[in-house]
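Quantities reported herein were computed from a predicted structural model and do not represent experimental measurements. Excluded from the calculations below are hydrogen atoms, water molecules and symmetry mates; all remaining heavy atoms, backbone and side chain alike, are included. Order of the sequence lines sets the chain letters (A, B, ...), proteins ahead of strands, with each chain counted from 1.
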Amino acid sequence: MIKLKEKIEAGAVKALKELYALDVETVELQQTRKDFEGDLTIVVFPYLRASKKGPEQTANDLGEFLVGSIDEISTFNVVKGFLNLVISDAVWASQLAEIGNTPNYGIQPEGDETILVEYSSPNTNKPLHLGHVRNNLLGYSVAELLKAAGKKVKKVQIINDRGIHICKSMLAWQKFGEGETPQSSGMKGDKLVGKYYVEFDKAYKKEIEELISQGKEEKAAKDEAPMIVEARQMLKKWEDGDAEVVALWEKMNGWVYEGFEKTYKNLGVDFDKYYYESNTYLLGKKVVEEGLAKGVFEKDPDGSVWIDLTAEGLDRKILLRSDGTSVYMTQDIGTAIQRSEDFELDGMIYTVGNEQDYHFKVLFIIMEKLGYDWAKNLYHLSYGMVDLPSGKMKSREGTVVDADDLMQEMEDTAKAISEELGKTEGMTEDEKATLYHMVGMGALKYFMLKVDPKKRMMFNPEESVDFQGNTGPFIQYTHARIKSLLRRGNAEGIWPAEGTPKYTELQPSERELVKLLAQFPEIITTAADEHSPAVVANYVYEVVKAYNALYQQLPIMTDDNKEAIIFRLNLSSSTAEVVKTGMRILGIDVPERM
RNA sequence: GGUCGCGUAGCUCAGCUGGAUAGAGCAUCUGCCUUCUAAGCAGACGGUCCUAGGUUCGAAUCCUAGCGCGAUCACCA
C-alpha cells in the first residue's frame, strides 16, 4: 500500500510537471471519504495557479494523465476540486494476498535504536490505584508500540523507596503493628503497609489537634508533633545506616514488592530492570558536583546548588540543599545517567503524570547542558489525571479506586455477562477463568487506552466499564467469531487453500476492509511517532466495525461461489491477525472463542 | 499573576501535520436471531466544534486575544 501510494504520488508530481511545468516536492494523497466513490484523493486547489484552469478541468487533466500512466488506477471521478482515484479490484485482491503472506504483518523488523521506557514507579507506602493503572497500561503499551515500530525497548521503573514517607509507615507499624505480617494477617503486603501509612496519619493528626487545643499555632503543631519528630529521626538513622532501621525498611519494602508483583502480574505488565532511588541518589549528587565544576550549575553562599534557566524562559531550580542533601531532581539526574551506563540507549521515555511537566522540561535541559548526546531524545509521556465523578481521587477522603479491587470487579462483571449470555457451555473451569480474566482486563485496558494520553479522563465506578460498542470485549468478540469461522472452514477441508482464489470483483464491504487492513503498517508508525496507543485502539475498532458490517451483509461459509468463500476466509484470517497484533500492542489478549 | 495542557452531540470520546455534507460508542426510539456466535447489524433522534478576531481559494484543525476547567510555579517527592 505504501509502495502504491508512493507510485501515485510520484506519478502526480510528474503529471504536474508535464502538464503545467510545475515543480513540486510531493503531492499529498489522502483517503477518499466514504461518501464518495474512489480510494485515494488528490486535492487540486493548490495547483490552479499553475494550471490556469478551473478546478474541474485541472482535476480531469490530472486524472486522465494518471489513469494513462499508472496501471493500478482503473478510473477516476471529479467532485469540485477533488480528484478521486479508483484503484482496481485486482490490486486490492493482490494486496490482501500480500498481507496474508507477510509474517508478523504490520510489525517492523528490529533496528539498532534502543529506547528505555520508564513507567509505574510508585511510592512504596501505598497500594496501587486507578491512576497507577493508567500509568502502567500506557507505559507498557507504548513500549510494545515502539517494539512494533522496530525499536529495541527496555522497560524499567524507578522505585521511590527512600524518604520520610517510608519512615511514616515503618514508625506506625513499630508502634501499633504488634508484629503483624502479610502471613499472619492474610493481607497483601502493599495493603498492609498502606494500612500503617494511614495509621500514622491518624495518630499524627490527633497529636496536632491536641497541641492546637493546648494553644499551639497550627504550623508549629504540625512541626512539633511527636509522630513526625520520630519519623524524622528515623529517616536520619536510615541515612546513617542504622542496622535496625535498615532491617525494618528492608522487611517492609519486601512486603510491598511482593504485593506489587501480584498486581503487575494480574495487570499483565513487566519490567526488564528495576531501579531504586536509594541506589541512584548518590550518583546524582556526584554528577551535580561535576556539573558545578563545569560551570553548568552555580553555588549560592549558603552552599545550595542551583541551575539558572532564566535564559530558557524558566526559573532557577535547586539541585542540592544547603545541607548538601539531594532533592527529586538530583535523583532523576543520577538515575538517567545510571541507565545510560547500563544500556547503550538512544533515548528514554518517562511515563509520568502531567503534574510533572515542568520537572521534566527542566530535567531534559539539564541533561542536554551536561552534554549527553541522548538528551535530545528524552520524552515525557505526560498523561492526564483519572477523575471520578466525585472529582479527584484523594486517599485521605477514601475516594481511591484500588487497582486490585478494580481488576476483580472487571472479572466479576465479565463472568456475570458471559454466564447471562450462555457463552460458557462446554468450557472447563480453567478455560472459564482465563476467559473472564481476558475479557475483564480487555474491557479495562481498552477503556483506558482508547483515549488520548494527555487528556484527563473520567472513570465512573458506578456505571462500570462497558462491554458493548467501542470496547475491548466487542473487539475480542469479533476475533472469536472469526476464529470460529476459520475452524469451520478448516474442519470442512476448504481452508487454508493453496494459491490465490479466482475472485476479482469485490463487494464494497470487502474492498473497504482490505483498504483498512492495508493501512496497518502506517498506523503503527504514526502511533509510535506520536507515542499514542489510542491511535492503534481506534484503528482496530475501525477494522472490527468494517468486518462486522461485512459479516452481516455477506455469507461467508455458505456462498454459492467457492472462490468467494476462500477469499472471505482469507480476508477474515488477515483481519483476525491485524486485530490480534493491534490488541497485543495494547497489552490485550484476544480469545479463540467467547 | 507567569507558564503549560485541555474545551467537539445529554454523557464518554475520535477527527486537529488546513480540504468535500464534523464522526463513533453509550443513553432514547425502530427494525433484524427456523442461515456462519445478537458482547452483533441496519436505521432514527441528537452539534453556536467555548467566544471574538485574523491568515487562506478553503479553518473544528494554524495565529492572536478573551472566557472556562485543570496542572504547575517548594531547600516535598
Between A/Arg488 and A/Glu492, does a salt bridge (charged side-chain N to carboxylate O under 4.0 Å, His left out) hold up when you go through it step by step? CA-CA 6 Å; A/Arg488 190 173 148 188; A/Glu492 292 180 16; 3.0 Å; yes
Dump the intermediate steps for salt bridge (charged side-chain N to carboxylate O under 4.0 Å, His left out) on A/Lys222 and A/Glu218, then the final yes or no. CA-CA 6 Å; A/Lys222 277 187 178 165; A/Glu218 189 185 340; 3.4 Å; yes
Suppose we define a pair by two distances each less than 3.5 Å, Watson-Crick or G-U wobble; what does B/A52 pair with here? B/U64
Categorize A/Ala534 for me: base, sugar-phosphate, or nothing, with a 4.0 angstrom heavy-atom threshold over every strand shown. nothing
May I ask you to decide if the ring planes of A/Phe459 and A/Phe447 are parallel, tilted or perpendicular, using 30° and 60° as cut-offs? perpendicular
Under the 3.5 Å rule, do the base of B/A39 and the side chain of A/Ser418 count as making a donor-acceptor pair? yes
P atoms of B/C49 and B/U21, separation to the nearest Å: 15 Å
Which of these nucleotides, B/U37, B/A39, B/C41, is closest to any side-chain atom of A/Tyr551? B/U37
Span that lies between the P atom of B/G66 and that of B/A27, in whole angstrom: 42 Å
Check the angle between the aromatic planes of A/Phe567 and A/Tyr503 and answer parallel, tilted or perpendicular using the 30° and 60° thresholds. tilted
Tell me the partner of B/C45, counting only Watson-Crick (N1-N3 plus N6-O4 or O6-N4) or G-U wobble (N1-O2 and O6-N3) with both under 3.5 Å; none if nothing fits. none
Could you measure between the two C1' atoms, the one in B/U35 and the one in B/G40, and give it in whole Å? 15 Å
Ignoring backbone atoms, test whether A/Lys483 places a side-chain nitrogen or oxygen under 4.0 Å from the OP1 or OP2 oxygen of B/C36. no
Partner nucleotide, any strand, of B/C26 [Watson-Crick/G-U, under 3.5 Å]: B/G10
Between B/C6 and B/C62, how many Å separate the two P atoms, rounded to a whole number? 9 Å
Write down the distance separating the C1' atoms in B/U61 and B/A14, rounded off to the nearest Å. 14 Å
Pairwise 5' ranking along RNA chain B for A/Val535 and A/Asp466, keeping only the more 5' one: A/Val535
Candidate nucleotides B/G19, B/A20, B/C41, ranked by approach to the side chain of A/Pro46 - the nearest: B/G19
Shortest non-hydrogen contact from A/Asn538 toward A/Lys450: ND2-O, 3.5 Å
So what does A/Leu83 hit on the nucleic acid, given a heavy-atom distance under 4.0 Å: a base, only sugar-phosphate, or nothing? nothing
Assign A/Thr471 to base, sugar-phosphate, or nothing according to its heavy-atom contacts below 4.0 angstrom with the strands shown. nothing
Go along nucleotides 68-77 of chain B 5' to 3' and tag each nucleotide: B for a protein heavy atom under 4.0 Å from its base, S when only backbone or sugar atoms are that close, - otherwise. --SSSS-BSB
Base, sugar-phosphate, or nothing: which does A/Met457 touch, judged by heavy atoms less than 4.0 Å apart? sugar-phosphate
Quick check: any donor-acceptor pair below 3.5 Å linking the side-chain of A/Thr478 to the base of B/A39? no
Assign each of A/Pro555 and A/Phe474 to its nearest nucleotide of RNA chain B by heavy atoms, then name whichever residue's nucleotide is nearer the 5' end. A/Pro555
Is the base of B/C33 syn or anti, if syn means a glycosidic angle within 90° of 0? syn
Hey, do the aromatic rings of A/Tyr350 and A/Phe360 have their centres closer than 6.0 Å? yes
For a quick check of understanding: with a heavy-atom distance under 4.0 Å over all strands, which category does A/Phe36 fall into, base, sugar-phosphate or nothing? base
Work out how far the C1' atom of B/U8 is from that of B/A24, and round it to whole angstrom. 13 Å
In the strands shown, is B/C32 matched to any nucleotide by a Watson-Crick or G-U wobble pair with both distances under 3.5 Å, and which? B/G40
Parallel, tilted or perpendicular: ring planes of A/Tyr541 versus A/Phe474, cut at 30 and 60 degrees: perpendicular
Any stacking of A/Tyr541 on B/A24, going by centres under 5.5 angstrom and planes within less than 30 degrees? no
Does A/Asp332 reach a base, just sugar-phosphate, or nothing at all? Heavy atoms under 4.0 Å. nothing
Using the six-membered ring wherever Trp is involved, compare the ring planes of A/Tyr276 and A/Tyr274 and label them parallel, tilted or perpendicular (cut-offs 30° and 60°). parallel
Picking from A/Arg481, A/Lys423, A/Gln476, what satisfies side chain to side chain contact (heavy atoms under 4.5 Å, CB included) with A/Met594? A/Gln476
What's the gap between B/C16 and B/A60 when it is taken at their P atoms, as a whole Å value? 14 Å
Determine whether A/Asn125 and A/Lys168 make a side-chain contact, defined as any pair of heavy atoms from C-beta on separated by less than 4.5 Å. no
Which nucleotide, B/C41, B/A39, B/A14, lies nearest any side-chain atom of A/Ala549? B/C41
Let's test this: given Watson-Crick or G-U wobble pairing with both distances under 3.5 Å, identify the partner of B/C57. B/G19
Check the phosphate of B/G7 against A/Lys455, side-chain N and O only, distance under 4.0 Å to OP1 or OP2. Yes or no? yes
Tell me what A/Pro55 touches on the nucleic acid: a base, only sugar-phosphate, or nothing, going by heavy atoms under 4.0 Å. nothing
Looking at every strand, decide which applies to A/Lys423 at a 4.0 Å heavy-atom threshold: base, sugar-phosphate, or nothing. base
By the Watson-Crick or G-U definition, both distances under 3.5 Å, B/C69 is matched with B/G5
Say we look at B/G47 and B/A22: how far apart would their P atoms be, to the nearest angstrom? 13 Å
